[in-house]
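Here the structure is laid out as structure tokens; the discussion comes afterwards.
The chain is numbered in sequence order, starting from 1.
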Amino acid sequence: MEAQNKISFNLSEFVSVMLQYYSFVDEYGQKIKDEKIENKIFIKEENEKFTEFDYLTQKLLVNIIKKFFPYKNIVIIGEESLNEENDKNIIDLNNKDKSAYLSSIDKIKLNGEFKIPKDFNKTIDITNSEISIFVDPIDGTKSLIRKFYNPVTCLLGLCIDNKPFIGFIHYVFDKDNKSYFNFPSHGIFEYSPKEQMFIKQNIQTDDNKFNFVISSTRATEEMTNFIKTFPNSSYEGASGLGNKMVKCLLEDKIYFTTGKNSVGIWDICSSSCLLNELGTDIYCFNGEKVQYVPKKILFGHNGVICLNKNKLKTFLEHVKKYYSQNI
């Protein structure tokens with residue numbers, strides 16, 4: 001009986017399913033960019049905007065997870081509220097493009113046609129674990145609406161027993177449609193459908209350079225003045241949290257949030273997964289790690305993404321001295 005009830009989770013299959021999913025996201029996104037299909041805008045209760053692309057992309061992912069990984073101990077927490085009312089307003093099965101997008105689940109297989117490294121063929125026992133998947137289907141919706149496509153990403157972070165485990169940051173409109181993800185205990189990888197190669201990233205950091213990436217729309221004078229308290233500091237503005245996270249990884253940048261409740265847990269979980277692969281995490285300004293309770297909640301703290309532990313220590317010291325929004 002114990003063997004029958006055992007739940008095995010194959011990481012290679014999960015990576016394969018995710019990359020296949022992203023290929024269909026890219027196809028639909030390209031139609032929006034080419035203005036071949038409409039992408040209607042809706043307003044949430046919080047007066048935040050979301051689009052049909054946001055909703056349909058999350059709907060497709062949820063359906064995929066339920067089909068290929070139908071385990072009772074998996075909970076999916078997404079930014080969008082999937083419900084019957086929204087389904088009626090957004091999902092039109094008579095619309096060929098929407099129908100084809102949601103039906104792309106039928107083209108996905110557990111083992112896609114990817115040259116996935118043999119090391120990825122790893123199965124873990126999740127029988128007695130709680131799995132939570134945090135999803136931001138389209139990160140950078142404001143940029144998408146403004147037709148500023150470059151920073152738009154798809155974010156997914158999977159936690160085991162509330163601890164970050166494997167995360168994905170996928171560029172929807174990038175010319176190479178790159179995905180960045182961590183494979184637990186093996187490192188951070190880049191995958192490009194064009195090259196069909198999994199490239200392990202050589203992450204480098206310099207103790208002496210404090211280069212920041214901050215929100216291009218929410219930056220304040222206090223934030224920029226705070227940055228000036230660091231030696232050899234500079235900053236640039238960018239959109240999309242996933243996009244800023246990739247800049248932190250590849251360009252040794254530091255990112256910190258614009259205030260309490262300015263981002264959701266679904267926005268930052270994928271970043272925590274990648275950072276965990278480097279032996280660090282997202283930290284609150286009080287020095288504590290982010291907690292991933294499997295609920296749809298906003299991140300009620302200020303937080304910082306920093307690859308370098310020495311620079312992180314300096315950052316937190318500066319917060320206490322110079323930044324009034326530290327609590």
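- Under a hydrophobic-cluster definition in which Ile, Leu, Val, Met, Phe, Trp and Tyr are linked whenever side-chain heavy atoms come within less than 4.5 Å, directly or via other members, I160 and I77 are assigned to different clusters.
- A search for side chain to side chain contact (heavy atoms under 4.5 Å, CB included) contacts involving E236 returns V213, K247, E251, K253, not counting sequence neighbours.
- Contact check for L241 versus W266: no side-chain heavy atoms found under the 4.5 Å cut-off.
- Cluster note: V293 groups with no other residue, as no ILVMFWY side-chain heavy atom lies under 4.5 Å from it.
- Residue Y235 places its OH atom among 12 or fewer non-hydrogen atoms of other residues, nucleotides or ligands, all under 6.0 Å distant.
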| task | Could you please spell out the steps behind the side-chain contact (heavy atoms from CB on, under 4.5 Å) verdict for K67 and I64? | result | CA-CA 5 Å; K67 176 179 179 179; I64 287 171; 5.8 Å; no

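- The two residues F256 and I214 make their nearest non-hydrogen contact at CE2-CG2, 4.3 Å.
- Side-chain N or O atoms of E52 include none that pairs as donor or acceptor with a backbone N or O of I41 at under 3.5 Å.
- The minimum heavy-atom distance between S8 and T123, with the atom names listed, is CB-CG2, 3.5 Å.
- Between C159 and F134 the shortest heavy-atom distance is SG-CE1, 4.0 Å.
- Taking all atoms of both residues into account, the shortest heavy-atom contact from S104 to L60 is OG-CD2, 3.6 Å.
- For Q201 (side chain) and I199 (main-chain N/O), a donor-acceptor pair under 3.5 Å exists by modelled atom type.
- Distance CD1/I32 to CD1/I37: 4.5 Å, rounded to 0.5 Å.
- Among residues at least two apart or in separate chains, salt bridge (charged side-chain N to carboxylate O under 4.0 Å, His left out) pairs with a member in residues 136-163 are E35-K147.
- H301 and N261 form no side-chain donor-acceptor contact under 3.5 Å, judged by distance and modelled atom types alone.
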List, one per line, each side-chain donor-acceptor pair under 3.5 Å for residues 190-197, sequence neighbours excluded.
from: E190; atom 1: OE1; to: Y180; atom 2: OH; distance (Å): 3.2
from: S192; atom 1: OG; to: D176; atom 2: O; distance (Å): 3.4
from: S192; atom 1: OG; to: K194; atom 2: N; distance (Å): 3.4

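- The neighbour count for K49 NZ, taken as heavy atoms of other residues, nucleotides or ligands under 6.0 Å away, does not exceed 12.
- At a cut-off of 3.5 Å, with distance as the only test, a side-chain donor of Q30 or D34 sits close to an acceptor on the other residue.
- For the pair F210 and T314, the minimum side-chain heavy-atom distance is below 4.5 Å.
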| said: Determine whether S179 and L19 satisfy the following criterion, side-chain contact (heavy atoms from CB on, under 4.5 Å), listing intermediate values before the conclusion. | reply: CA-CA 8 Å; S179 295; L19 294 178; 3.8 Å; yes

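- With sequence neighbours excluded, the residues satisfying side chain to side chain donor-acceptor pair (under 3.5 Å) with N276 are D281.
- For the ring pair (Phe, Tyr, Trp, His ring centres under 6.0 Å) with F189, the qualifying choice from F114, F198, F183, F120 is F120, the only one to do so.
- Nearest approach of K109 to V17, heavy atoms of both residues: O-CG2, 4.0 Å.
- In this pair, F181 and F168 present their aromatic rings parallel. The plane angle is below 30°, not in the 30 to 60° band.
- Distance check, rounded to the nearest 0.5 Å: OH of Y71 to CD1 of I131 gives 10.0 Å.
- The side chain to side chain contact (heavy atoms under 4.5 Å, CB included) test with I169 singles out one residue from N182, L249, L156, T153, and that residue is T153.
- At a threshold of 4.5 Å between side-chain heavy atoms, the hydrophobic network of Ile, Leu, Val, Met, Phe, Trp and Tyr places M245 and I133 in two separate groups.
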| message | Set out, in order, the CA-CA distance, both residues' side-chain angles and the distance that settles side-chain contact (heavy atoms from CB on, under 4.5 Å) for T57 and F24, then state yes or no. | response | CA-CA 9 Å; T57 299; F24 294 111; over 6 Å; no

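- E288 places no side-chain N or O within 3.5 Å of a backbone atom of C284 that could act as its donor or acceptor partner.
- In this structure, F285 and F315 have perpendicular ring planes: the angle between them is above 60°, well past the 30° mark.
- Summarising the local packing, CD of E84 is surrounded by 12 or fewer heavy atoms from other residues, nucleotides or ligands at distances under 6.0 Å.
- Proximity of the aromatic rings of Y149 and Y171 is defined here by a centroid distance below 6.0 angstrom, and this criterion is not met.
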| request: Dump the intermediate steps for ring pair (Phe, Tyr, Trp, His ring centres under 6.0 Å) on Y255 and F212, then the final yes or no. | output: CA-CA 6 Å; Y255 167 73; F212 290 79; 9.9 Å; no

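- T51 and D54 share a donor-acceptor pair across their side chains, judged by distance under 3.5 Å alone.
- Applying the side chain to side chain donor-acceptor pair (under 3.5 Å) rule to S239 yields the partners S216; only residues at least two apart in sequence or on another chain are considered.
- The aromatic rings of F226 and Y323 lie tilted to each other, with the angle between the two planes from 30° to 60°.
- No hydrogens or angles considered: nothing links the side chains of N83 and S81 as a donor-acceptor pair under 3.5 Å.
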| task | With salt bridge (charged side-chain N to carboxylate O under 4.0 Å, His left out) as the test, would you mind laying out the steps for K311 and D252 before giving the verdict? | result | CA-CA 11 Å; K311 288 196 288 191; D252 192 22; 3.1 Å; yes

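- Panel note: side chain S233, backbone I227; a donor-acceptor pair is recorded below 3.5 Å.
- Note that the CE atom of M18 and the CG atom of L61 stand 5.5 Å from one another [nearest 0.5 Å].
- The closest donor-acceptor contact from the side chain of S103 to the backbone of S99 lies under 3.5 Å.
- Put simply, the side chain of N10 does not reach to within 4.5 Å of the side chain of K122, judged on heavy atoms.
- Checking side-chain atoms of D87 against main-chain N and O of L82 turns up no donor-acceptor pair under 3.5 Å.
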| request: Check step by step if salt bridge (charged side-chain N to carboxylate O under 4.0 Å, His left out) holds for K44 and E79. | output: CA-CA 11 Å; K44 306 177 190 179; E79 179 177 10; 3.2 Å; yes

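- A donor-acceptor distance shorter than 3.5 angstrom exists from the side chain of T127 to the backbone of I7, with no hydrogens or angles considered.
- Between the side chain of R218 and the main chain of S262, a donor-acceptor pair closer than 3.5 Å is present.
- By the 30° and 60° cut-offs, the orientation of the rings of Y101 relative to Y28 is parallel.
- No path of Ile, Leu, Val, Met, Phe, Trp and Tyr side chains, each step under 4.5 Å between heavy atoms, connects V75 with V62, placing them in separate hydrophobic clusters.
- Heavy atoms of other residues, nucleotides or ligands lying less than 6.0 angstrom from NZ of K296 number more than 12.
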